[in-house]
Structures are given as C-alpha cells and as structure tokens.
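Note that this is a predicted model, so its numbers are computed, not measured.
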Amino acid sequence: MKVKVYVKLKDTVLDPQGEAILQSAKRNGYDFIEDVRVGKVFELEVSDTDNLEGKVKQLCDKLLANPIIEEYSIKMGE
C-alpha cells in the first residue's frame, strides 16, 4: 500500500521560499498568483497495515514534520 504525507509550514509561519517564488513569478508576468506556500511530499510504500494511520502519525510527529511550525496531512492507498 502507498501512503503520501504532505507537510507544509503552518499558515502563521513565514515562508521565505514561497515568498521568493511568488516574487519571481510576478516578475515573470504571472500576476494571477496571489500566494505561494512551499511544502514537501513523502511517498511511503508500506506492507504492514495494522494501525497504519497511528503509525504514520507517530512517524510524522517524530521524523517527517516539525509539529511546532509545520502541519501535515496523510492520504492512504494512493
């Protein structure tokens, strides 16, 4: 089974990389973009699905995301 974990900075945290992309996009004529938030995606291939959501949440809290400044979402079975 595949699991995807999406991690991004919380909306209250400044995103300098997203701001740099936004400014570059606007300089290149993409004026329709109002905001950019940068994140990361982890694709996990798992074999043991017992309590999978709990295990993945634990992995996110300990390794994949910094819960102080980042938030994550999990999609199972993709």
Side-chain angles (χ1 to χ4, degrees):
M1 171 187 261
K2 289 190 178 187
V3 177
K4 287 187 178 179
V5 177
Y6 300 87
V7 179
K8 71 175 190 96
L9 291 170
K10 291 180 179 177
D11 290 339
T12 56
V13 176
L14 291 177
D15 183 351
Q17 188 176 9
E19 184 62 30
I21 292 169
L22 176 63
Q23 295 306 317
S24 181
K26 287 188 178 291
R27 280 194 303 276
N28 285 285
Y30 298 101
D31 294 333
F32 63 94
I33 301 172
E34 295 182 5
D35 192 22
V36 175
R37 302 293 289 179
V38 175
K40 50 195 167 190
V41 177
F42 297 91
E43 294 181 352
L44 311 173
E45 183 74 35
V46 299
S47 56
D48 180 7
T49 57
D50 290 340
N51 189 24
L52 181 58
E53 187 170 347
K55 290 176 182 175
V56 173
K57 284 182 178 179
Q58 188 178 45
L59 174 68
C60 290
D61 290 334
K62 288 186 174 180
L63 185 65
L64 301 182
N66 179 344
I68 295 171
I69 62 170
E70 295 176 319
E71 59 191 14
Y72 60 85
S73 62
I74 299 167
K75 293 207 176 192
M76 304 278 187
E78 291 186 9

Q: For Glu53, does the CD atom sit with more than 12 other heavy atoms under 6.0 Å from it, leaving out its own atoms?
A: no

Q: State, to 0.1 Å, how close Val3 and Met76 come at their nearest heavy-atom pair, and which atoms those are.
A: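 Shortest heavy-atom contact: CG2-SD, 3.8 Å.
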
Q: Please walk me through it: do Asp11 and Arg37 pass side-chain contact (heavy atoms from CB on, under 4.5 Å)?
A: CA-CA 9 Å; Asp11 290 339; Arg37 302 293 289 179; 4.3 Å; yes

Q: Treating Ile, Leu, Val, Met, Phe, Trp and Tyr as nodes and any side-chain heavy-atom pair under 4.5 angstrom as an edge, say whether Val46 and Ile74 lie in one connected cluster.
A: yes

Q: Closest heavy-atom contact between Ile33 and Ala25?
A: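 Heavy atoms only, the tightest pair is CD1-CB, 4.0 Å.
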
Q: Look only at the side chain of Lys40 and the backbone of Ala65, and say whether a donor-acceptor pair between them is shorter than 3.5 Å.
A: no

Q: Side-chain heavy atoms under 4.5 angstrom apart, residues restricted to Ile, Leu, Val, Met, Phe, Trp, Tyr: same cluster for Met1 and Phe42?
A: yes

Q: Just verifying a value: how many Å separate Glu71 CD and Lys10 NZ, rounded to the nearest 0.5 Å?
A: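 Answer for the CD-NZ pair, Glu71 versus Lys10, is 7.5 Å.
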
Q: So for atom CD1, which belongs to Ile68, do other residues, nucleotides or ligands contribute more than 12 heavy atoms lying within a distance under 6.0 Å?
A: no

Q: Ignoring hydrogens, what is the shortest heavy-atom contact between Glu70 and Leu9? Give both atom names and the distance.
A: CG-CD2, 4.0 Å

Q: Return the CD1 to CG distance between Ile21 and Asp35, rounded to the nearest 0.5 Å.
A: 11.0 Å

Q: Using atom types as modelled and distance alone, determine if a side-chain donor or acceptor of Lys55 lies under 3.5 Å from a backbone N or O of Asp50.
A: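 Checked: pair present.
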
Q: Say whether Leu22 and Phe32 are linked into one hydrophobic cluster, either directly or through other cluster members, by side-chain heavy-atom distances under 4.5 angstrom.
A: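 Cluster IDs for Leu22 and Phe32 match.
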
Q: Could you pull out the closest heavy-atom pair between Tyr72 and Lys57, with the gap in Å?
A: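 So the two residues come closest at OH-O, 3.6 Å.
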
Q: Give me the atom names and distance for the closest heavy-atom approach of Cys60 to Val5.
A: SG-CG1, 3.5 Å

Q: Answer yes or no: does atom CD of Glu45 have more than 12 heavy-atom neighbours from other residues, nucleotides or ligands under 6.0 Å?
A: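 Yes, because the 6.0 Å sphere around CD of Glu45 holds more than 12 heavy atoms from other groups.
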
Q: Are Val38 and Val7 connected, step by step, through hydrophobic side chains (Ile, Leu, Val, Met, Phe, Trp, Tyr) whose heavy atoms are closer than 4.5 Å?
A: no

Q: Does the pair Leu59 and Leu44 meet the rule for a side-chain contact (heavy atoms from CB on, under 4.5 Å), with working shown?
A: CA-CA 11 Å; Leu59 174 68; Leu44 311 173; 3.9 Å; yes

